[in-house]
Amino acid sequence: MTVALGLVCSDGVIVASDSQGTSDHQTAAPSIKVNLVTGLPVVWTASGAVYCIEEVQNDTDKWNTHHKLRNAVIQGDLPAIREQISSAVHKVLKAAYQSALPLGERQINPQTGAHAFSTSFLFLGWSADAPWFLEVDGSGQLNWHTDKRFTAVGSGGAFAEVAGAVLGHLIEGEDLSLEMGKRVAYRAIETTCNVSSALVGGDVQLGVVDKDGAKILDKAEVSEVHDAVAGWKQMERELLRGQLGGGSTENLPDIEDQPSDDPSTTE
């Protein structure tokens with residue numbers, strides 16, 4: 001089971017996920033859920049059938065050599081990105097379905113009404129100095145979320161959507177920097193793992209793309225985001241208590257003492 005999300009920021013894009021995988025026997029094990037597209041400014045995550053996700057992952061390793069797809073991503077040609085990514089994903093999924101299921105066998109789960117291998121993919125990129133966010137959902141539909149800026153999928157996706165709505169005042173309106181976005185994404189996944197009964201959990205995984213390219217944050221970098229989120233929540237507690245007369249705000253740190261959102265000011 002999974003909770004995964006994508007977030008569009010003013011200077012980059014983010015994908016985030018939990019790290020708990022679940023086998024067919026409902027046993028939990030650590031799983032890598034945030035991925036890069038080799039050689040291209042794209043990060044992605046997914047929720048659904050592990051087999052389908054692995055097949056798409058194997059295919060994305062070759063996207064950098066796919067002339068039309070590569071050009072679409074580099075140039076930021078949104079119609080072409082939509083066409084090329086959806087074509088590549090649908091082709092892989094079709095082959096996976098045919099390989100995994102005998103001809104004529106039912107592919108619809110009679111209990112849920114969903115396809116037996118229903119899988120949703122979130123692809124985000126930073127191309128030609130602009131973000132884009134494309135979802136290929138479990139039914140094969142294509143959804144742009146660039147303007148919405150935030151979408152979550154998976155068994156814990158509804159919980160993450162609620163967490164995102166609670167933080168909506170940060171996502172909407174004024175520009176959300178990538179550094180701030182990491183904290184919002186982390187907090188949405190962390191909150192979902194804390195409250196959801198949908199077999200999600202483990203460490204938060206984060207992947208980003210900006211003008212410098214795509215990367216997956218390592219454990220030390222994720223730990224820094226964790227500490228920043230913990231400090232953020234503590235400030236909220238202190239501020240609210242001060243506003244309601246239940247505490248003092250005199251010990252709150254000054255704004256200039258907080259970590260800068262400008263990466264150029266950090267070591």
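Please read these numbers as outputs of a predicted model, since none were measured by experiment.
- Looking only at distances, no side-chain donor or acceptor of D77 sits under 3.5 Å from a matching main-chain atom of A72.
- Listed for the Q205 side chain is a donor-acceptor partner under 3.5 Å among the backbone atoms of V34.
- T191 contributes no side-chain N or O that, together with a main-chain N or O of A188, makes up a donor-acceptor pair within less than 3.5 Å.
- With hydrogens and angles disregarded, no donor-acceptor distance shorter than 3.5 Å links the side chain of R149 to the backbone of E172.
- Between E83 and K68 no salt bridge is recorded (no basic side-chain N to carboxylate O distance below 4.0 Å).
- Pairing each heavy atom of L40 with each of I74, the nearest pair is CD2-CD1, 4.2 Å.
- Side-chain contact annotation: E179 with S177, donor-acceptor N/O pair under 3.5 Å absent.
- For H169, the NE2 atom sits in a packed shell: over 12 heavy atoms of surrounding residues, nucleotides or ligands are nearer than 6.0 Å.
- Environment of NZ in K91: sparse, with no more than 12 heavy atoms of neighbouring residues, nucleotides or ligands closer than 6.0 Å.
- Classification of K233 and E190 as a salt-bridged pair holds, one side-chain N sitting under 4.0 Å from a carboxylate O.
- One side chain, S127 or W132, offers a donor N or O that lies under 3.5 Å from an acceptor on the other.
- The nearest pair of heavy atoms linking T119 to A49 is OG1-N, 3.1 Å.
- A donor-acceptor pair is defined here as one N or O able to donate and one able to accept, closer than 3.5 Å; no such pair exists between the side chain of H226 and the backbone of V222.
- Considering all non-hydrogen atoms of both residues, P131 and T146 come closest at O-CG2, 3.6 Å.
- For D203, the CG atom is loosely surrounded, since the number of other residues' heavy atoms within 6.0 Å does not exceed 12.
- A96 and C52 get closest at one heavy-atom pair: CB-SG, 4.5 Å.
- Taking the side chain as every heavy atom from C-beta outward, E135 and L142 never approach each other to under 4.5 Å.
- Side-chain N/O atoms of T2 and K33 include a donor and acceptor closer than 3.5 Å.
- Proximity of the aromatic rings of F133 and W44 is defined here by a centroid distance below 6.0 angstrom, and this criterion is not met.
- Around the CG atom of D147, the shell of radius 6.0 Å holds no more than 12 heavy atoms that belong to other residues, nucleotides or ligands.
- Closest approach of V200 and S155 over heavy atoms only: CG1-OG, 3.8 Å.
- Note that R187 lies in the cation-pi zone of W232, set by a 6.0 Å cut-off to the ring centre and a 45° limit from the axis.
- Within 6.0 Å of NZ on K148 lie more than 12 heavy atoms contributed by other residues, nucleotides or ligands.
- Of all heavy-atom pairs spanning C9 and L176, the tightest one is CB-O, 3.0 Å.
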